[in-house]
2 protein chains.
Amino acid sequence: MLTDAIVSGRLKPGDRVAESVIARDLGVSRAPVREAGRLLESAGLLVSKANRGFFVRTIDSEDLDSLYELRLCIEREATARVVREGRSGEIIPTLLAQIDEMVGLSQDSQLIYQIGIDLKFHRTIVEHSGNRRFLAVFDKLASEIQACTALIERVFDEPGKVARNHYLIVDALETGDEIAAREAMDYHIGVAREAVVGHFRKLEAESGAQV
Amino acid sequence: MLTDAIVSGRLKPGDRVAESVIARDLGVSRAPVREAGRLLESAGLLVSKANRGFFVRTIDSEDLDSLYELRLCIEREATARVVREGRSGEIIPTLLAQIDEMVGLSQDSQLIYQIGIDLKFHRTIVEHSGNRRFLAVFDKLASEIQACTALIERVFDEPGKVARNHYLIVDALETGDEIAAREAMDYHIGVAREAVVGHFRKLEAESGAQV
DNA sequence: TCAAGCAAAATTGTCGACAGGCGACAATTT
DNA sequence: AAATTGTCGCCTGTCGACAATTTTGCTTGA
């Protein structure tokens with residue numbers, strides 16, 4: 001609804017988002033825009049300064065690294081929990097279908113969609129971990145990760161390979177070994193973390209702050 | 001400011017919090033109350049339903065367990081980071097002073113204050129972990145934990161003993177062993193988790209849902 | 001007595017308007 | 001020329017009012 005209209009387009013990080021302007025553009029009052037702003041703020045896409053309004057969030061490589069480390073903590077524990085609670089078999093068919101879909105979307109032009117499925121894959125695991133708080137944190141980070149990744153677009157050289165890497169996680173789930181599952185997720189996210197943060201560091205070396 | 005006035009007092013979990021009522025009581029318009037409501041919502045103290053307004057959040061033992069497990073993931077990693085980044089010596093004096101203060105507040109009537117210092121102790125560690133996201137999540141959980149604990153009041157039999165248990169964490173930090181530090185925090189929170197969740201399960205067995 | 005339907009009250013969602021605060025720019029001073 | 005101060009305009013924070021929706025209490029009928 002409103003949220004999409006705001007984020008969808010052309011906004012550089014650090015840009016100011018005046019609620020009066022948005023309200024005028026969308027032909028509604030400022031109140032609903034305000035609500036949507038708070039929503040996007042809690043989703044981590046905007047930050048608000050007192051008496052100044054909303055700004056598009058900026059992010060540096062250190063913060064991105066923190067983000068991935070947090071994700072790591074949540075997801076490796078969630079993966080272990082899935083095994084411990086004996087819910088692996090229940091979700092493996094879903095996970096395999098998602099990987100197949102990802103592999104099918106490995107064309108350059110469809111990277112954005114692949115990122116979406118990638119997130120769904122991880123969410124499926126967290127969702128079935130049995131820990132609602134894990135899911136809440138994950139969902140909050142998800143929009144940020146997706147937004148960041150969408151802006152970076154291509155960090156990895158071989159998107160198809162990345163998609164196939166998810167099979168390792170499913171394999172570990174199938175063994176029923178809690179520790180192996182945890183380590184599989186640990187490795188998987190660790191690789192992504194290095195790649196994304198490394199890419200970002202290079203961007204920073206060339207210019208200033210980035211989204 | 002407003003937030004305190006809303007939460008401070010007498011509200012049962014599940015209670016409805018009508019913004020019109022609050023606004024009348026405080027003699028302000030509904031707009032600022034709305035803002036405060038969103039704030040408390042993102043702090044996890046209220047939930048909002050469409051066209052229904054705000055309600056005081058309810059919590060069950062399973063959710064509380066999830067909360068502590070999440071805390072565990074964050075804090076044990078944060079503790080390990082403090083050691084890894086070589087910032088132990090920098091914060092140990094602060095930590096020791098906080099424990100002393102806690103021990104001094106071990107009287108029954110001051111348990112609420114002790115809980116506050118306890119949270120500060122843990123926050124100090126997370127704050128100096130070097131991971132901003134850890135701190136953000138911790139701060140979000142902190143208000144919830146504090147609110148819950150304040151309602152439970154006395155879960156532990158010997159508050160002084162709990163306070164002194166924090167020395168074990170400082171000891172582990174002093175050794176400079178990353179793994180030992182992680183395990184010390186792991187054990188510390190694990191004990192609290194069992195006690196709090198166990199206490200809550202008993203309450204649930206007697207009645208229905210609880211805060 | 002109880003259930004269903006209806007009407008009235010209450011509450012949220014939205015609106016336009018006004019006051020105060022902040023940043024930007026110009027004028028003045030050093 | 002650089003820095004400080006004064007002014008202007010835009011934007012947020014707050015307000016009271018109206019419309020839409022939900023809840024509640026009452027009436028009506030079986």
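All heavy atoms count here, side chains included; hydrogens, waters and symmetry mates do not. All chains are named by letter (A, B, ...) in the order of the sequence lines, taking the proteins before the strands, and each is independently numbered beginning at 1.
Under 4.0 Å is where a charged nitrogen must lie from a carboxylate oxygen, and between E69(A) and R81(B) at least one such pair does. Ion pair R38(B)/E35(B) not flagged as a salt bridge, since none of the NZ, NE, NH1 or NH2 atoms sits closer than 4.0 Å to an Asp/Glu carboxylate oxygen.
Rounding to whole angstrom units, CD1 of residue I22(B) and C1' of dC15(D) are separated by 18 Å. As rounded to whole Å, 6 Å separates atom P of dG13(C) from atom CD of E19(B). The CG atom of D25(A) sits 11 Å away from the P atom of dC11(D) (whole-angstrom rounding). Regarding F55(A), its CZ atom lies at a distance of 11 Å from the P atom of dC11(D), rounded to whole Å. Between R24(A) atom CZ and dT12(D) atom P the separation is 10 Å, expressed in whole Å. One interatomic measurement links the two molecules: CZ of R34(B) to C1' of dT14(C), which rounds to 8 Å at whole-angstrom precision. Taking atom CG of D15(B) as the reference point, atom C1' of dT11(C) lies 16 Å away to the nearest angstrom.
To the nearest 0.5 Å, atom NE2 of residue H128(A) and atom OG of residue S88(A) are 11.0 Å apart.
Judged by distance alone, with hydrogens and angles left aside, R30(A) brings a side-chain donor or acceptor within reach of the base of dG13(D), the pair sitting under 3.5 Å. Donor-acceptor pairing under 3.5 Å, judged by distance alone, is absent between the side chain of R52(B) and the base of dG13(C).
The number of heavy-atom neighbours closer than 6.0 Å to CZ of F55(B), taken from other residues, nucleotides and ligands shown, is above 12.
Here the side chain of A18(A) is nearest to one of dC11(D), dT14(D), dT23(D), namely dC11(D). Side chain of V28(A), nearest nucleotide from dC15(C), dT14(D), dT11(C): dC15(C). Nearest nucleotide to the side chain of P32(B), out of dC15(D), dC11(D), dT11(C): dC15(D).
Nucleotide dT29(C) forms a Watson-Crick or G-U wobble pair with dA2(D), both donor-acceptor distances falling under 3.5 Å. Using N1 to N3 plus N6-O4 or O6-N4 for Watson-Crick, or N1-O2 and O6-N3 for G-U wobble, each under 3.5 Å, dA17(C) pairs with dT14(D).
If you check every strand for non-hydrogen atoms under 4.0 Å, E35(A) touches nothing.
Proximity of S20(B) to the phosphate of dA10(C): no side-chain N or O atom is located under 4.0 Å from OP1 or OP2.
What you find for S143(B) and A43(B) is that their closest heavy atoms are OG-O, 3.2 Å.
Nucleotides of DNA chain C nearest to N51(A) and A50(B) differ in position, and the one nearer the 5' end is that of A50(B).
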